[in-house]
Asker: 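One structure follows; several queries about it will come next.
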Amino acid sequence: MAATPQKQSFDYIIVGAGSAGCVLANRLTASGRHRVLLLEAGGHDRHMWIHIPLGFAKLFDNPKVNWLYASEPEPELNNRQIIQPRGKVLGGSSSINGLLYIRGQKQDYDHWRQLGNAGWAFEDVLPYFKRAEDQERGADDLHGVGGPLCVSNVCEPHPLCEAFIEAAEQSGIPRNDDFNGPAQEGAGYFQLTTKNGRRWSTAAGYLRQARKRPNLTVELNALATRILFSGRRAGGVEYRQGETTRTAYADGEVILAGGAFNSPQLLQLSGLGPAELLRAHGIEVIADMPGVGADLQDHLQVRMQFRCTEPITMNDVVNDWRHRYGAGLRYILSRKGLLSIGAGYAGAFLRTRPDLDSPDVQIHFLIFSTETAGAKLHPFSGFMASVCQLRPESRGFVRIKSGDPAAAPAIQPRYLSSRTDCATIVAGLNKLRQIMNRPVMRRLIAEERMPGPACVTDADLLAYARKTGTTVYHPTSTCRMGSDPAAVVDERLRVRGFERLRVVDASIMPTLVSGNTNAAAVMIGEKGADMILQDARASAPVAISA
Ligand SMILES: Cc1cc2nc3c(=O)[nH]c(=O)nc-3n(C[C@H](O)[C@H](O)[C@H](O)COP(=O)(O)OP(=O)(O)OC[C@H]3O[C@@H](n4cnc5c(N)ncnc54)[C@H](O)[C@@H]3O)c2cc1C
C-alpha cells in the first residue's frame, strides 16, 4: 500500500459520521472558529432505500452501506451466529436503522449518575434531548422544537395496531400516546425520526447543514486505521482511502465516534486494550486497558409470528402487484402509507413483575411477517410481535481478530448468559401471549405460527428463545464511561489516562438504555460536543489587555 506523506492539520478529528459523529461535526463547526475533519469509512447516503423509511428492510445485506458484521457463535443461542448490521455510510446506523424514536427511561440516566457519572442524570441530559429535537407535536417540558432531529407521528392508525393496543389495555397495560412522555409504560404507536415521510438521519439533520461550512472537511471511504500518539497525548489519525495511506493531525482533540464495535476496535488497533490480546496480534501495547471492548450489551428480541384472519397486513399489500403499486403511488404523491413506516408500527413497554419500578420489557408490533430480518414477506396474511428485555445483565465483548484494520473484530454479546435475562424473556413471551389471547386480538389470529401451540411450558419458551432469538441492533458500552478501573472514559468522555482523546458514541453508555438507542446516541453527541467546546474555552489562552 502506497504511503503518501500529506500533512493535514485540524483542530478536531472525528472518526465516524454516524449518529453521534454527525452531531459533533455540526456543533464543533458552528462557531466557525474550529477546523474539523470528519472521517467516514463509508460513502454518500444517496441510496434510494435509505430515504424511504420502509427501505430499512432492504439495507440489511447491502455491503455498500452496511458493515455486515456477525457475532461469534453464541453459546446460549445454540451456537448460532447472529447478524450485526451497522451503518457504513454518512449518517452511520441512523441511515439504516428502523427509525423508532425512544429515549429510554428517566431511571436509566439517573442510574448512570448513581454509578458515579456526574452530569448524566436525567435532568442533566434532558436539555440535550430537547435541543436535538424537532417534535411534530410541539414543545413542552419534555420535548423540544426547532432542533435538527425531526420526530414525527406515524401517518395513520392501523386496525391491527388498534386491536393490539386495545388487547394490551384489557391486559392491564394502559394506552400511552407518548413513550417519551412522563411515563414510558403502556401500549401505543411509536414515533419515528422522519420528516414529511422521509428518513431523518443525523446526516440529513445535522451534517447537510454543516457541510456548507468552510471549516468542515469530510473525507469519505476513509478508514481510520490508527490513532497517533506522542506519549499519552493523541495527536492525529492515520487513515486509508483507496490505496493511499494518509495522516491527519489534530491540534485540539481526536474524537472517536465509530460506534460500539468500531470504536473499541480502533483503540485496540492503536495499542489501548487488553495487553495479551494486543500482543497476540503484534500490536505494541501503549496501555493495558482490559475494559476496551469489554461489557458489550445488546437487546435480544424473540419474535412471535401469527397468520392473520383478514387481508389487512403489509404482506397482503406487497404480495399483490396492484396494492403494491397503489402503495408506491400513494407514497410518491403524499409521502404517506406503508412505505413511510419504520421497524415497528405500534408497541408496548410493560413490567413482567408487579414489584418492578418501571417496564423491563419492550414489545415491537409489526404489521408484516417474515422468516428472518430483511427476508421476503410471507405469501399469506401475517404479522409479528417481538419481546425484548430492556436492561439485560448479560455482558459480552468486542476483540480484534487480527492487526488488519479492515478485518472484522470478534463480536460476542453472550445473549442469555444471565439467569435473569432468561427469566425475563420467558416472562415477556408469556405476557405477549396473554395480550394475543384477548378476544379483540384473537379474532385476527388464524394461527400462532411461532412458537406455536406445541410450545407450552417456560422451558419450551426458553428453548424457543435460544433457537430463534436475535438482536434488536442496540450494541453499547464497549468503551464504558465510569470511574472504576475497567471504565474506558471518564464522565467528560475523555479516555482515562490519555490527553486529547475522547470517545463520543453509543459505546460510552455505562448500561443499555430502556429502549431503542439512536436518540441516546444523538444526545451523547450533543452533550459530548458541549463538553469539548467548554474544555477548549477553558484552556484557551486568556487575552491580556494593555
Ligand atoms: C438495522 C438497525 C436498526 C436499528 N433500529 C433502531 C431504531 O429503530 N431506533 C433506534 O433508536 N435505534 C435503532 N438502531 C440503533 C441505532 O441506530 C444505533 O444505536 C446508533 O445509530 C448508534 O450510533 P453511533 O453514533 O454510536 O454509531 P453509528 O451510527 O453506527 O456510527 C458509526 C460510524 O462510524 C463509521 N466508522 C466506524 N469505524 C470507522 C473507522 N475506523 N474509520 C472511519 N469511519 C468509521 C461507521 O461507518 C459509521 O458511519 C438500529 C440499528 C441498526 C443497525
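Every value quoted in this text rests on a predicted model; they were computed, and no experiment measured them. Both ligands and their constituent atoms are indexed starting at 1 by order of listing. This chain uses plain numbering: 1 for the first residue, then up along the sequence.
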Asker: Compute the shortest N/O to N/O distance between N518 and ligand 1 and return yes if it is under 3.5 Å, no if not.
Answerer: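 The answer is yes, given that N518 and ligand 1 share an N or O pair closer than 3.5 Å.
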
Asker: Backbone, side chain, both or neither: what part of V89 comes under 4.0 angstrom of ligand 1, heavy atoms only?
Answerer: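 Only the backbone of V89 comes within reach of ligand 1.
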
Asker: Measure from the side-chain N and O atoms of R335 to the backbone N and O of R198, and report whether any donor-acceptor pair falls under 3.5 Å.
Answerer: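 Such a contact is absent between R335 side chain and R198 backbone.
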
Asker: Among all protein heavy atoms, pick out the one at the shortest distance from atom 30 (O) of ligand 1; state its residue, atom name and that distance to 0.1 Å.
Answerer: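 The answer is S93 OG, 2.7 Å.
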
Asker: So if I apply the side-chain contact (heavy atoms from CB on, under 4.5 Å) rule between V495 and each of V254, L272, L256, I227, which one comes out positive?
Answerer: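 Passing option: L272.
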
Asker: Give me the residue, atom name and distance of the protein heavy atom closest to atom 49 (O) of ligand 1.
Answerer: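 Checking every protein heavy atom, the shortest distance to atom 49 (O) of ligand 1 gives E40 OE1, 2.6 Å.
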
Asker: If the contact criterion is a heavy-atom separation under 4.0 Å, does G342 count as touching ligand 1?
Answerer: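 No, G342 has no heavy atoms under 4.0 Å from ligand 1.
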
Asker: Is the NZ or CZ atom of R496 positioned over F498's six-membered ring, under 6.0 angstrom from the centre and within 45° of the axis?
Answerer: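 Ring-cation test returns no.
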
Asker: Give the residue, atom name and distance (to 0.1 Å) of the protein heavy atom nearest atom 20 (C) of ligand 1.
Answerer: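 Ranking protein heavy atoms by distance from atom 20 (C) of ligand 1, first comes S19 OG, 3.4 Å.
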
Asker: As a check for students: among A260, G259, G104, identify the option with a heavy atom nearest to atom 27 (O) of ligand 1.
Answerer: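 Answer by nearest heavy atom: G259.
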
Asker: Return yes when N66 approaches ligand 1 closer than 4.0 angstrom through a heavy atom, no otherwise.
Answerer: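 It does not; every heavy atom stays at 4.0 Å or beyond.
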
Asker: Is the shortest side-chain N to carboxylate O distance from R399 to E72 below 4.0 Å?
Answerer: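 No, R399 and E72 are not salt-bridged.
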
Asker: Return the closest protein heavy atom for atom 18 (C) of ligand 1 as residue, atom name and distance.
Answerer: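 Nearest protein contact, heavy atoms only, for atom 18 (C) of ligand 1 is T517 OG1, 3.8 Å.
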
Asker: Taking the minimum heavy-atom distance to atom 1 (C) of ligand 1, which of I96, I102, L39 ranks first?
Answerer: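 When every heavy atom of I96, I102, L39 is considered, I96 comes closest to atom 1 (C) of ligand 1.
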
Asker: Would you please indicate if the ring centroids of Y101 and F179 are separated by under 6.0 Å?
Answerer: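 No, too far apart.
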
Asker: Using a 4.0 Å heavy-atom cut-off, which part of L90 comes near ligand 1: side chain, backbone, both, or neither?
Answerer: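 Near ligand 1, L90 shows nothing, with every heavy atom at 4.0 Å or more.
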
Asker: Out of all atoms in ligand 1, which are within 4.0 Å of some heavy atom of N262? Include the element for each.
Answerer: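 Those atoms are 37 (C), 38 (N).
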
Asker: Looking at residues at least two apart in the chain, or sitting in another chain, which of them share a side chain to side chain donor-acceptor pair (under 3.5 Å) with Y109?
Answerer: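 Y109 satisfies side chain to side chain donor-acceptor pair (under 3.5 Å) with no residue once adjacent residues are dropped.
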
Asker: How close does the nearest protein non-hydrogen atom get to atom 48 (C) of ligand 1, and which residue and atom is it?
Answerer: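 Here the closest protein heavy atom is G87 O, 3.3 Å.
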
Asker: If you round to the nearest 0.5 Å, how far is CD1 of I96 from CZ of R86?
Answerer: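 The distance works out to 7.0 Å.
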
Asker: May I ask you to decide if V23's main-chain N or O and N26's side chain share a donor-acceptor pair within less than 3.5 Å?
Answerer: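 It does not hold such a pair.
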
Asker: Quick one: pull up OH in Y189 and CZ in F365 and give me the separation to the nearest 0.5 Å.
Answerer: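 These two atoms lie 9.0 Å from each other.
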
Asker: Should G98 be counted as touching ligand 1, given the test is an N or O pair under 3.5 Å?
Answerer: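 Yes, since at least one N or O of G98 sits under 3.5 Å from an N or O of ligand 1.
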
Asker: Atoms of ligand 1 less than 4.0 Å from W67 heavy atoms?
Answerer: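 Selected atoms, number and element: 36 (N), 37 (C), 38 (N), 46 (C), 47 (O).
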
Asker: Just checking R137: does its CZ atom have more than 12 heavy atoms from other residues, nucleotides or ligands closer to it than 6.0 angstrom?
Answerer: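 Counting other residues, nucleotides and ligands, CZ of R137 exceeds 12 neighbours.
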
Asker: Give me the nearest non-hydrogen protein atom to atom 42 (N) of ligand 1 as residue plus atom name, then the distance to 0.1 Å.
Answerer: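 Minimum-distance protein heavy atom for atom 42 (N) of ligand 1 reads A224 N, 2.9 Å.
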
Asker: Quick one: closest heavy-atom pair of G91 and C22, and the distance?
Answerer: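 Here G91 and C22 meet closest at N-SG, 4.0 Å.
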
Asker: Just jot down the ligand 1 atoms closer than 4.0 angstrom to any heavy atom of S94, in number order.
Answerer: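 Matching atoms, with element in brackets: 21 (O).
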
Asker: For V15, take its heavy atoms, then give the atoms of ligand 1 lying under 4.0 Å from any of them.
Answerer: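 Under 4.0 Å from V15, ligand 1 has these atoms: 40 (C), 42 (N), 43 (C).
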
Asker: What atoms of ligand 1 come within less than 4.0 Å of a heavy atom belonging to A506?
Answerer: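 So the atoms of ligand 1 that pass are 26 (O).
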
Asker: Quick one: look at Y101 and ligand 1, take heavy-atom pairs under 4.0 Å, and tell me if it's side chain, backbone, both or neither.
Answerer: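 Neither; nothing of Y101 gets under 4.0 Å from ligand 1.
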
Asker: Could you tell me, atom by atom, which parts of ligand 1 come under 4.0 Å of a heavy atom of L223?
Answerer: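 So the answer, numbered in order with elements, is 40 (C), 41 (N), 42 (N).
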
Asker: Of the protein's non-hydrogen atoms, which lies at the shortest distance from atom 45 (C) of ligand 1, and what is that distance?
Answerer: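 The answer is A41 CB, 3.8 Å.
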
Asker: Considering only heavy atoms of A20, which atoms of ligand 1 have at least one such atom less than 4.0 Å away?
Answerer: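 Answer, ordered by atom number: 25 (O).
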
Asker: Among I411, L296, V292, V503, whose side-chain contact (heavy atoms from CB on, under 4.5 Å) with T478 holds?
Answerer: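 Of I411, L296, V292, V503, side-chain contact (heavy atoms from CB on, under 4.5 Å) with T478 is met by L296 alone.
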
Asker: At under 4.0 Å between heavy atoms, which part of A222 makes contact with ligand 1: side chain, backbone, both or neither?
Answerer: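 The answer is the backbone.
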
Asker: So is there a nitrogen or oxygen of F60 less than 3.5 Å from a nitrogen or oxygen in ligand 1?
Answerer: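 Among all N and O atoms of F60, none is under 3.5 Å from an N or O of ligand 1.
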
Asker: Mind checking the OG-CG spacing from S19 to N97? Nearest 0.5 Å is all I need.
Answerer: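 Going from the OG atom of S19 to the CG atom of N97 covers 6.5 Å.
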
Asker: Report, in ascending order of atom number, the atoms of ligand 1 lying under 4.0 Å from any heavy atom of A521.
Answerer: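 The atoms of ligand 1 under 4.0 Å from a heavy atom of A521 are 23 (O).
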
Asker: Could you label the plane-to-plane angle of the Y12 and H34 rings as parallel, tilted or perpendicular, counting under 30° as parallel and over 60° as perpendicular?
Answerer: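 The arrangement is perpendicular - the two ring planes meet at more than 60°.
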
Asker: Who's the nearest protein heavy-atom neighbour of atom 9 (N) of ligand 1, and how far?
Answerer: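 The closest one turns out to be L100 O, 2.9 Å.
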
Asker: Could you tell me whether A257 approaches ligand 1 through its side chain, its backbone, both or neither, with non-hydrogen atoms closer than 4.0 Å?
Answerer: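 Just the backbone.
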
Asker: Just how far is it from atom CD of E238 to atom CG of L269, taken to the nearest 0.5 Å?
Answerer: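 E238 CD to L269 CG: 11.0 Å, rounded to 0.5 Å.
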
Asker: State the OH-CG distance between Y473 and N516, to the nearest 0.5 angstrom.
Answerer: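 Rounded to the nearest 0.5 Å, the OH-CG separation comes out at 11.5 Å.
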
Asker: Could a heavy atom of L266 be found less than 4.0 Å from some atom of ligand 1?
Answerer: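 Contact check L266 vs ligand 1: negative.
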
Asker: Cut-off 3.5 Å, side chains only: do R391 and Q107 have a donor facing an acceptor?
Answerer: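 Absent: no donor and acceptor within the cut-off.
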
